[in-house]
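To start, the structure itself, in structure tokens.
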Amino acid sequence: MNASRDKALEALRLADSAFKDLDDGRVAQLTRAVLDALATDPARPTPEPEGFVALVAPRKLDAPGEKDPWPVLVAYQHTPRRAWEADLRQNTLLIATDLRNGDTAASVAFRDESDGRQRRDLTPRPSRTGPPPNDPPPSARTTGVDLLDLRRLFPDFTKEPRRLALAVVYHDWPSNVAVSERLDRSPSASRTTARRSPFIKPGDAQGEGAGTTLILATSPARGLEARGTVDADVKAIPVFEDEAGAWVSPITILFLKLDDPRPVLLRAQVPVRGENGRVRGAFSLSVGSALPHADLRGSYQVYLVAGAQLAGPYPLDVHES
Amino acid sequence: MSYARLPDGSRIVDRAAPDARVRRDLSFDRIVSELRAAKSDLLMNELRALDGGQGRADHDAVIRRIASAIQNGRLVWELPPAAASSAGGSALPAYVEPAPAQEEKKPASPVTTRGGTTIIRASLFTGGTTFRKAAPPKKPKVTPELALEYAVALLRSPDATRIECSFTQDPEAPKFEKGLRLSFQGVGEVEAYADEKLTTKLDLGRPVPAKVFLKAVKAGLLELALEAEEDERFERAPAKAAMAVVELNLALHKQDVDAIGRIHVNPDTDPVSKYHDDLKALTLPAQIEVADAEKADGSRWLHVQRGGHHARAKLVLRKLDAARWPAGVDDYRITLEAEKVALYDVEWDGAALPLPYSLKVGALKAADKTLWVEGREASAKLGDVHLKLGLDRAPGGLAKTPKREGAVARLTVAEIAELKVDYATPAGEATAWDEANGRFYINLMPDPDGRELTLRASLKPALPGIPVHFMLAPDPNNGKALPKSWIWKDIQDPVKHRDRIGRDGLYGFQAVTDASGTARQSVFLSRFGGDVFHPAAYLDQDPHLTRYVRGHAELAKRAPVFAAKPIQVWRKFWVQRVEVEGFRYPDLGAAARKWDNVYARMEDAGSVVLSRSAVDAWGVPVFYPRYVVELGGGPETALVATDATKRTFFQGLRRETDKPVKVPILICDAVWNPAQNTKPVSKTQVEASNFPVDLYMSEMIVMPPLQGGGLIVSGTWNAKVLDPSTGAYRTLGSGPLTDQDLFVDPNRLYYYDVKLRRPSGSLPFADATHVDILDLALKGARKSLGAYDASSQDIIAGCDPRDLPEFQNTIAHEIGHGFKQACEPGTQPDYAPAHPHPDITHHQPWHCVWQRDKCLMYRTGPIPGTLGEFCPACQPYVLVEDMSGLL
């Protein structure tokens, strides 16, 4: 648990209707509220700041217009050392999962707004280059609140009314998951069947019950393997019937590399079953079979997204392709 | 019927009525005498008309010729109708006989041989006499003899057919002193002349000379009869000979231009080679026979042959009608003469036939003979090549000369001696055609006007009125730089080269040569920079050249006439630098070379230099210590441009008509712009002795801020003292942070760093052991390498002397934006696929992420391993971009 994130979330608690009125001035007020919530007693020694990322979204947004924004707030706190280790702008992704069909997309959270000019910027300094900051404890802390618009971050993903599970990951820092639904008057398409991914094998059912989890393992015989379980509220994950009449749910495994804004996404349909209002299942897959063209050499933070479930990070080092 | 009426009612007519009474046995002298007596102006006019209206001969000469014509039967003296004689009953004057009915004429019998007698051949009138031994006859027999140079007279030929008239006499005394009369009968008609030049027509009512020259008048068989004049002392027998007036026909052919013009072959196929296959499979229409008028005026063109590239004209010697030729002449030869051409019996290739060409009459009686005419030497004037069909025979018998021009067809051999781009720089404007380098700059006028160029073909010798077609033959390498996603058939016409009448037509655009033998025609280059076209021209009579495909194994074998140099599609633009006195930057050659690589010439339009004092006078932040705007930059002054200040730099620039596409560039040391405020930073319990401290902000920092005013947006300090015994702090005072508390370290490692001194407000609290810095927010800044501003169509770029390659990349990159690069998906031209590598990750689709950000049009720099050029994905968009204006 992250008490600072909870405080920030509490400070950012807004009625759904308030999201429509967010502007720079209101965001400044909310930032102040977060700062106040995180303020320490000047009379007492300051504890080391607790870093976090948090996301706040309207549960239901009445935004019928095609260009109506879909605002969400992202709050964060980090130290100079954390920024040195993982640059915030290069390593923060917003992850959205469409709960109708399980499609997941990731987008750079902090974008440089264009002002009509086409610029060539300095390439951002890679994380962990140069000496670490000279920042004797207690560390300095940077606290921010940013207003983001899902319509701009996911222009294709938000055309239709959708119910999205949203989360922010700052490399190996995941945020809370928020579910937000945009209401629209247009009919929405929905998928009723899906095809089980051919590279999926049933997992060990004994592993179930521990929530949504992922285990990554490498063996000489099978290469990189992912074994996981899915355990989600039936309302928080889509379920489909495959050609054989079995139930499957979509999952996405995200492989995040430091400073790489383009995560590798592995999408699959895994076998599940319903049980007491929950959707449960276990799976095993060969990453090499699922992503035959991906070069995964390097170090990753891996997340498993199953509907509104975000599991991870799971560190992964791949030395051989 | 023509006639001359005499005062006594009689008439001299050219053809007597069937029942007419005519005067006969009138001597020449009597006729002359009577006509002289009856002479009047009216009569003379009528006699002249009968005489054929020849010249200005005096009356007496006319009368004498009329008399001669009456004597030889060509004219008849017709008495008045029967009423005149009714009174006198049926009695007629002694000299009157009914006119013979024409149908009473009987065909002549063949000439008989002379037998084995010794004869005397007398040359009449010429005085020359050859004596041979002859047996003395009882009553001398005079036997006329006819010898023919040819048994045919060639219609339309200027050459006469000679016949020789003679007789033998047996015995030789008494000498026959009268003459021989020649007559013709049959369908064929000839005229007899006394001379070879056919100037003196013979009066066949009188004895003929030994040599008579026949002019063919009407085709058909005829019989010649040679008869000795009556003399009762001699036995006479006529000589007869069969002959024909014959006609030769020469059918010259031309290309069926109209039919070819109706052929369509779609050039927009996938793959492109299908178009070539379709062309190859195409059968062009056969040549069609030219009209007589064209045959007469020579408006059938041929191009001088060059290596087998040009077509031949089809020429057909029409089959002879055997029924209209006399027997025994099958070995005669039909001859074909011509200059400036060669003759073949095949349409392509083969060996030239010898000229004059000939074939036997017998062969041509069997079938048409098809020949092919190839141009060898250019005509000096239109229609000066004559194909002359004549007649000849083997030597033997009478001496003979070939009979020429029984049929003539004229044609013109033309030669496209030169093909050039016809270009002159318009006054005060930029030059589009760089002849030395073979580059045509297509963007100096809006598309497609800029791609239009004029080709000029010159015929030597100059011949007017010749239709010339023009071609821009694409080089085989064209389009090879295009990715496979660019499917030729889907690329729309407007950006493709245009040189044909109709997109899918065969013939190229046509122009007709003027009096100087020059034809000019506009064609359009493609819009793909780097495309190479080979200008070419051909005559409409070479339609196979419409199928020419350069580099094709088959279709390139026969080629049109090319210009000396190909044309390459280029674009050109100018950059005009704005500089400030005292600040020097490298030339832009390396950036220009990047544009050279995409066939766009970047030229220097000169610099506008602003004085330092003038810039100072603007009163805007322009000059900064270099270390503030460049890491490790040192203390000297750096020139900084922002979006806000750059307009002032550019305000003195003017448009120039000779530099229609000009990009103003302000080069400075660094480009900075305001950014959002930093996120609040707090650092608590900083030991008082540890100041200054480093603060790492969420945005870059420059001082003073580009936004103007103070750098600090918010932030406070708490001065406090630690009670070591309790570990608690006691606040001594607090206050706002000020700009004086901040500075940029000349040695800072990151643009996000700023140094904070111990807040000046806290200094009075000397007992303070610690200071809290709370929620410090500053005005942010953003450093760019460069920017293109579409609203003002100009560029600013910063030059870091430690990374000049990146500076050049930036210049080329920003110019790329000016020319709509990288192409944003959804904004690409209709004909192009969407750009495959837009930077959607950073929501900047106008930047390219090819091969993980290695393209020149990636959003940032430097990038390790960057291509430093337009990537293969961007390149086609750059190549096809209409660079006649800036975005």
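Each chain gets a letter, A, B and so on, in the order the sequences are listed, and its residues count up from 1. Only this structure's heavy atoms are used, side chains among them; waters, hydrogens and symmetry mates stay out. These figures come from a predicted structure and were not determined experimentally.
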- Message: One pair to check against salt bridge (charged side-chain N to carboxylate O under 4.0 Å, His left out): D853(B) and R262(A). What are the steps and the verdict?
- Response: CA-CA 12 Å; D853(B) 317 332; R262(A) 289 161 286 211; 2.8 Å; yes
- Give the member of G798(B), A777(B), P680(B) that has the highest number of heavy-atom pairs under 4.5 Å with chain A. P680(B)
- Flag side-chain contact, heavy atom, 4.5 Å: L122(A) against T860(B): no
- Check whether H813(B) gets within reach of chain A through its side chain, its backbone, both or neither, counting any heavy atom under 4.5 Å. side chain
- Task: Heavy-atom distances under 4.5 Å only: say whether P131(A) touches chain B with side chain, backbone, both or neither.
- Result: both
- Flag yes if more than 12 heavy atoms outside L147(A) fall under 6.0 Å of its CG atom; otherwise flag no. yes
- Item | With Q685(B), the side chain to side chain contact (heavy atoms under 4.5 Å, CB included) member among P45(A), P137(A), P42(A) | P45(A)
- Query: Any side-chain heavy atom of Y696(B) sitting closer than 4.5 Å to one from T79(A)?
  - Reply: no
- Message: Under 4.5 Å from any heavy atom of chain A, what part of Q676(B) do you find: side chain, backbone, both or neither?
- Response: side chain
- Message: Working note: D121(A) + K783(B), criterion salt bridge (charged side-chain N to carboxylate O under 4.0 Å, His left out); need CA distance, chi angles, decisive distance, verdict.
- Response: CA-CA 7 Å; D121(A) 286 330; K783(B) 183 174 184 180; over 6 Å; no
- Got a second to check how far D260(A)'s CG is from T841(B)'s OG1, nearest 0.5 Å? 8.5 Å
- Query: Does the side chain of R120(A) come within less than 4.5 Å of E814(B)'s, by heavy atoms?
  - Reply: yes
- Query: Do you know which of P155(A), G144(A), A43(A) has the most heavy-atom pairs with chain B at a distance under 4.5 angstrom?
  - Reply: A43(A)
- Item | Residue part contacting chain A, namely of N809(B), when any heavy atom lies under 4.5 Å | both
- Measuring from N134(A):CG to D694(B):CG, what's the distance to the nearest 0.5 Å? 5.5 Å
- Message: I need the I796(B) CD1 to R119(A) CZ distance, nearest 0.5 Å.
- Response: 7.0 Å
- Given side chains that start at C-beta, do those of S107(A) and H843(B) come closer than 4.5 Å, heavy atoms only? yes
- If you measure from CG on D775(B) to OG1 on T143(A), what distance do you get to the nearest 0.5 Å? 7.5 Å
- Note on the structure: Interatomic distance, NZ@K683(B) vs OG1@T46(A), rounded to 0.5 Å, equals 10.0 Å
- Side chain from CB out, backbone as N, CA, C, O: work out which of these in L887(B) comes under 4.5 Å of a heavy atom of chain A, or both, or neither. side chain
- Side chains of K679(B) and T31(A): closer than 4.5 Å at any heavy-atom pair? no
- Task: Pick one of side chain, backbone, both or neither for F110(A), based on which atoms fall under 4.5 Å of a heavy atom in chain B.
- Result: neither
- Message: With a 6.0 Å cut-off (strictly less than), is the heavy-atom count around CG of D23(A), excluding the residue itself, greater than 12?
- Response: yes
- Part of R730(B) within contact of chain A (heavy atom distance under 4.5 Å): neither
- Should the pair R125(A) and Y750(B) be classed as cation-pi, given the thresholds of under 6.0 Å to the six-membered ring centre and 45° from the axis? yes
- Rounded to the nearest 0.5 Å, how far apart are CD of Q118(A) and NE2 of H847(B)? 6.5 Å
- Task: Heavy-atom distances under 4.5 Å only: say whether L88(A) touches chain B with side chain, backbone, both or neither.
- Result: neither
- Greatest number of heavy atom pairs closer than 4.5 Å to chain A - which of H817(B), M697(B), H770(B): H817(B)
- Message: So for D87(A), is it side chain, backbone, both, or neither that comes closer than 4.5 Å to the heavy atoms of chain B?
- Response: side chain
- Message: Taking every non-hydrogen pair under 4.5 Å, which of A39(A), A83(A), P136(A), P133(A) racks up the most with chain B?
- Response: P136(A)
